[in-house]
There are 2 protein chains.
Amino acid sequence: MPPHQGLRHMPWSSFGLDLVTLRVFKAAVEERSLVWAAERERLALSAISRRISEMEARIGAALLRRHDRGVEPTAAGEALMRHLDTLFEVLEHTIVDMEAFAAGHRGQIRLQANLSVPAGSFPEELASFQKSHPDIDLYIEERISADIIHSVQIGTAEIGLVSATMHAPNLQLLHWRTDHLVELR
Amino acid sequence: MPPHQGLRHMPWSSFGLDLVTLRVFKAAVEERSLVWAAERERLALSAISRRISEMEARIGAALLRRHDRGVEPTAAGEALMRHLDTLFEVLEHTIVDMEAFAAGHRGQIRLQANLSVPAGSFPEELASFQKSHPDIDLYIEERISADIIHSVQIGTAEIGLVSATMHAPNLQLLHWRTDHLVELR
DNA sequence: GCTCTTTACGCTGTTCGTAAAGATA
DNA sequence: TATCTTTACGAACAGCGTAAAGAGC
């Protein structure tokens, strides 16, 4: 049997939406011209024309109205643009988030605690955490509660453990990369 | 000068995020296995492995932890997953919206007519149109014939009705989203 | 040994850029 | 004519699938 050579037909759901084409389309609408969009996206004019035409074909509706002074979105194109604004916003947030992981504190967690905390089941909790996250290096430091909270807030520590009695009864905070807010015990 | 052959390096911003890879990654996390993700996405196992590895390389952080029973998201992978949920939601809405335009049953239609038109059976025609297309909002404006024609041409009106005697005997044009050109009576 | 993931490699489809042609004021 | 968009075509790249190799229980 010859190589099956893939199911090329479904890049995304039924429409062939891809980020590059969507980005190029956005540029075309914002620049009101394929020529300028080509320049802005550093792509050949012909490539942009083709991308948008093929997207229109797949969707089954015109997205741009062409005239000899440039282009203009149709009603469908405007609707698409509204979605693209939020789509690329989400994407931007995603990238920022991923950059944070890529940057410095990759696989390292700085933990700060004060002395009144560790008495209870803390060591076991720590051990289980390290077992389930073997690729993370834990750095443990002792501080006073106020400093710990500040460190977590400004990001010089990923985890802060403060005495339960000082701030909230029976509650210890584990603040992990600003994504997780976990109750410990 | 030889063909410049493109700036291949920047599919999206600095990261090479593309919808197919993101979708595949989502599948891998949800299925907790590349094998199952491959099956679900109808893609070769090797293709999935490569896609995810390359995305991790570009991002500069591990997204999956591999063991011999499958895969598991790292902290970075979990963060990415949270964004993907909203991203694909937006995309889903976009597709639904575009499908509506493809079917031709959506949105607003700006209609321009001049006074000499409506005398005849025009109101009945309009009523029947609105009855058969209940989800379309009709906006009606009065203009002179030349302006109407221009509006339809440049797209500020989807429908133009001009006096039969002025331009073509016994003919009124209904120009709909530049896709349909329908004779009205 | 079994199940999972990764790497190697040939091959095909995709997509670019250049260049020429069409369209419109 | 000048300025935009589209189409044609050759070439490079990207991405798939098969198959073999690595890893961990």
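Each chain gets a letter, A, B and so on, in the order its sequence line appears, and its residues count up from 1. On a predicted model such as this, the values are computed, not experimentally measured, just so you know.
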* Qualifying residues under side-chain hydrogen bond (donor to acceptor under 3.5 Å, both in side chains), relative to B:Thr21, sequence neighbours excluded -> B:Asp18, B:Arg51

* With sequence neighbours left out, what residues match A:Glu30 under side-chain hydrogen bond (donor to acceptor under 3.5 Å, both in side chains)? -> A:Lys26, A:Arg40

* Spacing of B:Leu45 atom CG relative to D:dC16 atom P, expressed in whole Å -> 12 Å

* Check whether any side-chain N or O of B:Thr94 sits under 3.5 Å from a backbone N or O of B:Val90 as a donor-acceptor pair, and report yes or no. => yes

* Protein-nucleotide distance (B:Asp18, atom CG; D:dA14, atom P), rounded to Å -> 13 Å

* Structure fact -> The side-chain contact (heavy atoms from CB on, under 4.5 Å) partners of B:Glu54 (sequence neighbours excluded) come to B:Arg50, B:Arg58

* Asked: Which of these nucleotides, D:dT5, C:dT5, D:dC16, is closest to any side-chain atom of B:Val71?
  -> C:dT5

* Please report, rounded to the nearest Å, how far the P atom of D:dT7 is from the CD1 atom of A:Ile48. => 16 Å

* To do: Starting from C1' on D:dA14, measure out to CZ on B:Arg58 and report it in whole angstrom.
  => 11 Å

* Which residue lies more 5' along DNA chain D, comparing A:Leu34 with B:Ala44 via nearest heavy atoms -> A:Leu34

* Applying side-chain hydrogen bond (donor to acceptor under 3.5 Å, both in side chains), name anything that partners A:Arg66, two or more places apart in sequence or on another chain. => A:Glu56

* Looking only at side-chain atoms of A:Ser46, point me to the closest of C:dT5, C:dA19, D:dG17. => C:dA19

* Find the distance A:Leu64:CG to D:dC4:C1' and express it as a whole number of Å. => 13 Å

* **Whole angstrom value for the distance that separates C1' of D:dT5 from CD of A:Glu72** => 15 Å

* Taking all heavy atoms of A:Ala28 and all of A:Leu34, pick out the closest pair and write down the distance. => CB-CD2, 3.8 Å

* side-chain contact (heavy atoms from CB on, under 4.5 Å) partners of B:His67, counting only residues at least two apart -> B:Arg69, B:Glu72

* Using a heavy-atom cut-off of under 4.0 Å over every strand shown, decide if B:Arg50 touches base, sugar-phosphate, or nothing. => base

* List in chain and number order the residues that pass side-chain contact (heavy atoms from CB on, under 4.5 Å) with A:Ala57, two or more places apart in sequence or in another chain; answer none if no residue qualifies. => none

* Please state how far atom CD in B:Glu56 lies from atom C1' in C:dT6, giving the value in whole angstrom units. => 12 Å

* Proximal nucleotide (of C:dG17, C:dT6, C:dT15) relative to the A:Leu43 side chain -> C:dG17

Taking only N/O atoms, report every protein-nucleotides 23-25 of chain D pair under 3.5 Å with atom names and distance.
from: D:dC25; atom 1: O4'; to: B:Asp68; atom 2: OD2; distance (Å): 3.0

* Starting at atom CD of A:Glu39, determine the distance to atom P of D:dC4, rounded to an integer number of angstrom. => 11 Å

* Which angle, rounded to 10°, do you find between the first-five-pair axis and the last-five-pair axis of the helix from C:dG1-D:dC25 to C:dA25-D:dT1? -> 30°

* Structure fact -> By side-chain contact (heavy atoms from CB on, under 4.5 Å), A:Val29 pairs with (sequence neighbours left out) A:Phe25, A:Leu64, A:Pro73, A:Met81

